[in-house]
Amino acid sequence: MRRGRPRHGHHLRRHLEHGRVPRRGHRSGSRDQLGGALPACRRTPPGRARRAPLGDRAVDGRIDPVRRAVRIRGAGGRHVPPHRRRARRRDGRRDRGAQPARRPPRRDDRARRAVAHAARPAARLRAQRRPGGEGRMTTVPYRFDQTATASEVVARFGGLAPGEESGDEVSVAGRVMLSRPQGKLAFAELRDSSGAVQLFALDGVTRDFQAFTRLRLGDWVGACGEVVRTRRGEVSVKIADWVLLAEARLPFGDKWRGVTDVETRFRQREVDLWTSPDARRVLALRSQLVRRMRERLWDMGFVEVETPILHPIPGGAHARPFVTHFRALDMDVYLRIAPELYLKRLVVGGFEKVFEIGRLFRNEGLSPRHNPEFTTLELYQAYADYHDMMSLVEELVTGLARDILGTTSLTYQGRPLDLTPPWRRATLTELVCEKTGLDVSVHTPRETLARWARDQGVEVAPSWGPGKLLLELYEKTTEGELWEPVFVHDYPKEVSPLARVHRDDPMLAERFEQVVAGRELVNAFSELVDPAEQLARFEEQAGAREQGDEEAMLVDTDYVRALGHGLPPTGGLGLGIDRLAMLFSDVAHIREVISFPMMRPERAEGGEGSAAGGEERAAGRGGGSGGDELRA
RNA sequence: GCGCCUCUAGCUCAAUGGCAGAGCAACGGACUCUUAAUCCGCAGGUUCGGGGUUCAAGUCCCCGGAGGCGCACCA
């Protein structure tokens, strides 16, 4: 392939000429095994591209920047790869004085290279989309009939003895993850969502054997043939016929280690998922978790509902919202920060037990425990109070642990974590006293609380009352230390604008947070049902907002009016599903349990648009919310 | 926002301040039972970007970028 080639620009040209064209035409033969996919299997087999000389390639009439860059560079005939350039300079040490140490690259040359660099993957793909449509992908069938999954094959034919042939034919499909061609034999590992099975190809048995040996790591194939166990003892499909279902035109990572760079893992999650079984395990577990959660709630008589995601007034939590614009009504709307108020309106409307599992959006930063969009369960039950919610949470979470993990004795991040009920129930005040040794409560004089809070490094704002100060103290000293599950109940009323006042203490609210592994998992309360009281609390919040608390709530008059129609005594809770999934799958970072976690957009390298602007880089990482403040 | 760390071939990683390398992938070839097959061969680099020190910078210094971890923030 290198004959008659100019030496420069190799790598680029390699990208451009990467396409593989069929090397043989159609063939006929009997392949009844393929059933519905029969015609597909007769398709042109894959083969390696015969590389045309650059000149041939250039006459296809298509001009793109990369190709043009190559041609320009080629035309110059003087391009020297950087390392050679440097070597030459070093050789010329003697006459150094006469020559500049390093010739600065010409500006346009640099720009061209930058464009070419940025366009690499795109260039590869573009180069392979031939005008005549004879690329390999155009020969790929529209469907393929599988008769078994990889793991089914392995399970069903596990009884075969080494060297034994079953006489049964199967048709399997998946991605080729390893290929071991060996002369007139070839082995490949075919992986599908169920697992992996070995493909065994033989010259003379397998149709288009040569093409099979040239399959590339990551290519999808469908194959049919008899199930056998090889002499070395592996259950395999001895391929009679096969068809390419998709080719992996872009590199697929290291065949053994896959992709480990964290950024690449999440920017190209599909590759991560294919190459890292653990990544798949975590997402599959999450899926199971949500499924079982739904089933349990349905079984308990809860009705699953969906409430708006676009809110005219963001409500139900302390958080900054995302804003968007609704053109038809020419008004700004907000992505919900909580579904709480709508769900309680459904209780007013007669749904006595409702829940919603869905996405919330909070306009805050990224962190190992915070993603701007995250998933919660929110649930409301008429005639129940927060004690009922504690029982429900305990039963739900431990039940799910048994469903999913088969045990309530977990290990989280190398540390034992026992979820076996009953869980401890303690008031927030008790826990703070226990942890700090201070004799503290919501009734402690404000100045004393403020001093203690400052001692803990809290920056105390003048507008904070004793309730807020107590909560700060708790979060600073206690919350992160709680490992085994505990219901932290009786929060200050001041910081719980949607919770009902405590039946025994007017300074407190009937609210609890369920904390495990140092993190809030659930936030719940006996719901505030009095419309006048709710209005007053909203107005208090609005006041705090005017004082600069951007996360304080707004007055939601629709909600107050709904309460005016009568909300029965109601218990409600919010549970962070991402965090529960983290706990169950034993991962430390929230993005592991999210299929496509939020990432800063990838910046194109090179090109005019990428001049590093000051503003775009200013957006630092702030705080965030991912399950904290699940409700209020 | 602060501190520490990282950025080198498609992927995973090397390189006392002295000619940028390996394994895998890719590409050409050999091989009838492989298991990350093996063997032979050939290619592949903006060492994140910019500036500086130096005879000489992947390496040292400065500025910037991206990423990770921790802290802070996040009632």
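Order of the sequence lines fixes the chain letters, A, B, ..., with proteins taken first and strands second; residue numbering starts at 1 for each chain.
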Exercise. Report the relative orientation of the aromatic rings in A/Phe187 and A/Phe200; use parallel for angles under 30°, tilted for 30 to 60°, perpendicular for over 60°.
Key: parallel
By nearest atom, which of the nucleotides [options] is closest to the [X] side chain?
X	options	value
A/Glu551	B/C74, B/C73, B/C69	B/C74
A/Leu178	B/C69, B/U35, B/A36	B/A36
A/Arg369	B/C71, B/C69, B/U35	B/C71
A/His370	B/U35, B/U32, B/C74	B/C74
A/Arg180	B/C31, B/U35, B/G28	B/U35

Exercise. Would you kindly say whether A/Glu510 and A/Tyr491 are connected by a side-chain donor-acceptor distance under 3.5 Å?
Key: no
Quiz item: Regarding A/Gln534 and A/Arg500, is there a side-chain donor-to-acceptor distance under 3.5 Å anywhere?
Solution: no
Just to be sure I understand the rule, does [X] reach a base, reach only the sugar-phosphate, or reach nothing, if contact means heavy atoms closer than 4.0 Å?
X	answer
A/Glu459	nothing
A/Arg591	sugar-phosphate
A/Pro162	nothing
A/Gln182	base

Taking 4.0 Å as the cut-off, does a side-chain nitrogen or oxygen of [X] come that near to OP1 or OP2 on [N]?
X	N	answer
A/Gln198	B/U35	no
A/Arg216	B/C27	yes
A/Lys476	B/C73	yes
A/His589	B/G68	no
A/Arg229	B/U35	no

Send over the distance from [X] [atom1] to [N] [atom2], rounded to a whole Å.
X	N	atom1	atom2	value
A/Arg231	B/A37	CZ	P	20 Å
A/Leu215	B/A26	CG	P	11 Å
A/Leu202	B/C33	CG	P	10 Å
A/Asp219	B/A25	CG	P	14 Å
A/Met177	B/C11	CE	P	16 Å
A/Ile337	B/C74	CD1	P	16 Å
A/Arg265	B/U6	CZ	P	21 Å

With [atom1] as the reference atom in both, quote the distance from [N] to [M] in angstrom, rounded to an integer.
N	M	atom1	result
B/A37	B/G23	P	16 Å
B/U32	B/U38	C1'	15 Å
B/G58	B/A14	C1'	11 Å

Quick one: does [X]'s side chain have a donor or acceptor within less than 3.5 Å of a partner on [Y]'s backbone?
X	Y	result
A/Ser441	A/His443	yes
A/Arg336	A/Pro314	no
A/Thr375	A/Asp578	no

Practice problem: Using a strict 4.0 Å threshold on nitrogen-to-oxygen distance, state whether A/Arg269 and A/Asp272 make a salt bridge. | Solution: yes
Exercise. Determine, for A/Glu270 against A/Arg265, whether the closest basic-nitrogen to carboxylate-oxygen distance falls under 4.0 angstrom.
Key: no
Quiz item: Can you tell which of A/Arg191, A/Glu247, A/Arg175 makes a side chain to side chain contact (heavy atoms under 4.5 Å, CB included) with A/Trp220?
Solution: A/Arg175
Self-check item: RNA chain B: stems of at least 3 consecutive Watson-Crick or G-U pairs whose donor-acceptor distances fall under 3.5 Å
Solution: B:1-7 with B:65-71, B:10-13 with B:21-24, B:27-30 with B:38-41, B:48-52 with B:60-64
Exercise. Kindly say whether, by distance alone, the side chain of A/Glu234 makes a donor-acceptor pair under 3.5 Å with the base of B/U35?
Key: yes
